[in-house]
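Structure first, commentary second.
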There are 2 protein chains.
Amino acid sequence: MRIGELAERAGTTTRTLRYYESRGLLPARRAENGYRTYDEGDLRLIQQIRTLQDFGFDLEETRPFVDCLRAGHPAGDSCPASLAVYRRKLGELDALIGQLQSVRTEVGAQLARAELEASAELPGGPEPRCELGPTAPQSPVGPNWEDER
Amino acid sequence: MRIGELAERAGTTTRTLRYYESRGLLPARRAENGYRTYDEGDLRLIQQIRTLQDFGFDLEETRPFVDCLRAGHPAGDSCPASLAVYRRKLGELDALIGQLQSVRTEVGAQLARAELEASAELPGGPEPRCELGPTAPQSPVGPNWEDER
DNA sequence: CCTTGCCTTGACGCCGACGTCAAGGATTAC
DNA sequence: GTAATCCTTGACGTCGGCGTCAAGGCAAGG
């Protein structure tokens, strides 16, 4: 199997596979003409990588799983190094979820407060001001700031 | 107040303030010698921006709040456009938290399953294999893959 | 006068995971 | 024979939010 077919079967691109190879994951045998050659095991490697990436693992974190598979183990998480990554990730996830929840709470509180103050001014308010609506482009074409592209 | 003092009082850097200016937030008056000049209102602008950034808002999302403050309103979220951003952010946060929680569940399940299988092989297992531990650098210096810098 | 310390603009670097184009070799299809 | 399709390496672009020089102007103290 050559790189194009492997990419298609894995639902990815050849660029991605070459990138994996450049990072030391997914090594490739070469045919006589220099073409990369792959087998079914390589397909499983890629599937392992993509699964973990879908979980939010970055490439470097998938390395223990890949090494484990390439060492002949039945699953990428059959090795202690992979389990260690799982555990670390669980901790990171818990921390992140906690932070996001507290942010959610704070933002929700800010919204509630701002809505209250808005409704306190609108109905019998003295002046009806604040014309900056959500769908207002206000300045026609946009000012001059266009440096530092 | 010049840019250095403002940066220090805001707990940020001059580079950051110039960057904000280049993005159209935080406009600056100029003294005769070309130096940027700021007042207390600009400090509040920056504080508003940093607060939102701490919440995970990106710079572009802070624009309505900044515009609102510069329009003379008492708070950055006194305008409907800001409230709209709040609401959109709440939705994004809920979606993200939900995704992360389901990932957490899945990773937790994978870990539990892998631990089970490991303990089922170890105690009375036939061959004690799998030497790839968490603290093993295995290959001495690392292979040759170092292209695509 | 000279140094020090602020300020100015301009421009490149960084990080991660690739996308995209370029130039050319190999193979296959007609 | 030649066109179409695959493959190769190399290298630059992307996105956000700045960090980090570099080269030079302006003001104040000793």
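All chains are named by letter (A, B, ...) in the order of the sequence lines, taking the proteins before the strands, and each is independently numbered beginning at 1.
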Handout entry: Value in whole Å for how far the P atom of dA17(C) lies from CG of Leu17(A)
Key = 15 Å
Handout entry: Side-chain H-bond candidate by donor/acceptor type, Thr14(B) with Arg18(B), under 3.5 Å
Key = yes
Problem - Under 4.0 angstrom between Thr16(A) side-chain N/O and dA17(C) OP1 or OP2 - result: no
Practice task
Look at Arg36(A) and dT9(D) and indicate whether a side-chain polar atom (N or O) is within less than 4.0 Å of OP1 or OP2.
Solution key: yes
Practice task
State, without any angle test, whether Thr16(A) and Thr13(A) hold a side-chain donor-acceptor pair at a distance under 3.5 Å.
Solution key: yes
Problem - Separation of atom CG in Asp54(A) from atom P in dC18(C), rounded to whole Å - result: 11 Å
Exercise for the section: Quickly work out the Arg23(B) CZ to dG16(D) P distance and round it to whole Å. Expected result: 9 Å
Handout entry: Whole-Å gap separating P (dC18(D)) and CG (Leu25(B))
Key = 11 Å
Exercise for the section: Establish whether the base of dT9(C) is bridged to the side chain of Arg18(B) by a donor-acceptor pair shorter than 3.5 Å. Expected result: no
Problem - Side-chain N or O of Thr13(B) closer than 4.0 Å to phosphate OP1/OP2 of dG19(D) - result: yes
Fill in the blank from the handout: Arg50(B) atom CZ is separated from dG16(D) atom C1', nearest whole Å, by 13 Å
Protein and nucleotides 25-28 of chain D: nitrogen or oxygen contacts under 3.5 angstrom:
{"residue": "dG25(D)", "atom": "N2", "partner": "Tyr35(B)", "partner atom": "OH", "Å": "2.9"}

Exercise for the section: Measure the distance from CD on Glu32(A) to C1' on dT27(C) and round it to the nearest whole Å. Expected result: 14 Å
Exercise for the section: Indicate whether the side chain of Arg113(B) and that of Gln110(B) have a donor and an acceptor atom separated by less than 3.5 Å. Expected result: yes
Problem - Geometric cation-pi criterion, Lys89(A) with Phe55(A): 6.0 Å, 45° - result: no
Problem - Nearest to side-chain heavy atoms of Ile3(A), which nucleotide of dC6(C), dC7(D), dG17(D) - result: dC7(D)
Practice task
Ignoring backbone atoms, test whether Tyr19(B) places a side-chain nitrogen or oxygen under 4.0 Å from the OP1 or OP2 oxygen of dG19(D).
Solution key: no
Exercise for the section: Keeping the roles fixed (side chain from Arg50(A), backbone from Ala10(A)), state whether a donor-acceptor pair exists under 3.5 Å. Expected result: no
Handout entry: OP1 or OP2 of dG10(C) under 4.0 Å from side-chain N/O of Arg15(B)
Key = no
Exercise for the section: Would you check if Ile49(A) and Phe65(A) make a side-chain contact, meaning some heavy-atom pair closer than 4.5 Å? Expected result: no
Problem - Phosphate OP1/OP2 of dC18(D) contacted by Gln53(B) side-chain N/O (<4.0 Å) - result: yes
Handout entry: Arg36(A)/Glu21(A) ion pair, N-O < 4.0 Å
Key = yes
